[in-house]
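When a ligand or atom number is given, it counts from 1 through the structure's own listing order. For clarity, every value in this text was computed on a predicted model and none was experimentally measured.
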Amino acid sequence: MTQATRAVPLARPYLDEREEELVLEVLRSGRLSLGPTIDRFEEAFAEACGAPYAAAVSSGTAGLHLLVHLAGLGPGDEAITSPYSFVASANCIVYEGATPVFADVDRDTLNLDPAAVEAAITERTRAVVAVDIFGYPCELGPLRALCERHGLVLIEDACEALGAEYRGQPIGSHGPSAVFAFYPNKQITTGEGGMVTTHSEDEWRLLRSLRNQGRADDGGWLDHARLGYNYRLDDIGAALGLAQLEKLDRILARRGAAAERYTRLLDGLEGARVPLADDAEHRRSWFVYVVELEPDVDREGVIAVLEREGIGTARYLPSIHLQAYMRERYGFAEGLCPVAEDASRRTLALPFFTAIEPDDQERVVEVLGAALAASG
Ligand SMILES: *Cc1c(COP(=O)(O)O)cnc(C)c1O
């Protein structure tokens, strides 16, 4: 990297004085946990995605675990999920002793292919964990119909999809319980944190109890109605989240504009395919910008060039079933999900965040272009 060029990170949170102000308010209030900021964050979040109820949790993973727990999954049960995702969408099944079953993804959307899900159903199947990968909504309509037909619980891993829309309505508003995540690379952040949206008041109460060591609404601090967890978000995180939500529209608009800019800059570049465009039913919320390299491109070579130039990249995403612990535990191997495995070998995330500078995007594409030319 020459001195004139600056490093471009893969991701970076978008924070300003408002976060500082609201966090400081919480610090000064002395209510660092189970305070009123949590309720305010939950209400604002539920409104933002058109869900009647939202329960804040300590991470997206914790939210997924609670939904699998509430679905009653246990040893001997199977849940179908996507191999092309972050490991949490499968781990939540494993936590309860149930068996993850991977159905292949659609070549274009990289989300679960409903036909593959249907084909993977057995008499042990109890649930489907569908992921909105890279913020592109999964096939909610067909998946819901299929789950209803077979008596399965549908859980939506929307951890990458805050602000996305399916059939004109926001993710979270459709009915299936959905989980969102607020790690610092997501659309909005609370440091660590997550949120579960639900359309059931009973489920919402259970979620709030389970995250809080199984305490009941009306019980005392040392009364535990059920086995619970410490999956609470604290009020400092909630203050961050509130400030982030206030500017959600701006965040989504800036990310959309940055994605459009990349797509324009990449137009005509040989060797890299841009992300799938929206259609009438799917409106993506831009979480990451992932290109698909042509089969003959040496991905490791391209990554080496980008890294040398100080440009952040990532191999989003390895297939979950091929992770070492999954192979060991369940005997999964290559060939189980060919579409996902092929995507895993060829996809590459470029630096992408709310305040990415157009100049930096131009340089990323320039360097990528040179790397592709060299490796093709
Ligand atoms: C970020 C993410 C999660 C949850 O991540 P946490 O770090 O636990 O908040 C789950 N699934 C997917 C697909 C994600 O991208």
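Taking the six-membered ring wherever Trp is involved, the centroid distance between the rings of F182 and F41 falls below 6.0 Å. Ring-centre distance between H199 and Y53: not below the 6.0 Å cut-off. The six-membered or imidazole ring of Y330 lies near that of F332, with a centre-to-centre distance under 6.0 Å.
Each of the atoms 10 (C) of ligand 1 lies under 4.0 Å from some heavy atom of A88. Taking every non-hydrogen atom of G60 and a distance limit under 4.0 Å, the qualifying atoms of ligand 1 come out as 4 (C), 6 (P), 8 (O), 9 (O). Listed by atom number, the atoms of ligand 1 under 4.0 Å from K186 heavy atoms are 1 (C), 2 (C), 3 (C), 14 (C), 15 (O). For ligand 1, the atoms lying closer than 4.0 Å to a non-hydrogen atom of T61 are 4 (C), 5 (O), 6 (P), 8 (O). Per-residue contacts place S85 under 4.0 angstrom from the following atoms of ligand 1 (heavy atoms of the residue considered): 13 (C). In the vicinity of S59, heavy-atom distances shorter than 4.0 Å reach the ligand 1 atoms 8 (O), 9 (O). Every atom of ligand 1 is numbered from 1 in the order shown, and the set under 4.0 Å from a heavy atom of C159 is 2 (C), 3 (C), 4 (C), 10 (C), 11 (N), 12 (C), 14 (C).
Between E160 and ligand 1, at least one N/O pair is under 3.5 Å apart. At a 3.5 angstrom cut-off on N or O pairs, D157 counts as close to ligand 1. Not one N or O of I133 is nearer than 3.5 Å to an N or O of ligand 1, by distance alone.
Transitive grouping of hydrophobic side chains (ILVMFWY, heavy atoms separated by less than 4.5 Å) brings L70 and V129 into a common cluster.
The number of heavy-atom neighbours closer than 6.0 Å to CZ of R327, taken from other residues, nucleotides and ligands shown, is above 12. In E270, the CD atom is not crowded: 12 or fewer heavy atoms of neighbouring residues, nucleotides or ligands sit closer than 6.0 Å.
With hydrogens and angles disregarded, a donor-acceptor distance shorter than 3.5 Å links the side chain of T347 to the backbone of Y316.
Here the protein heavy atom with the shortest distance to atom 7 (O) of ligand 1 is Y183 CB, 4.3 Å.
Ligand 1 has no atom lying under 4.0 Å from any heavy atom of G194.
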Can you list the steps and then say if Y166 with S173 is a side-chain hydrogen bond (donor to acceptor under 3.5 Å, both in side chains)? CA-CA 9 Å; Y166 180 73; S173 72; over 6 Å; no
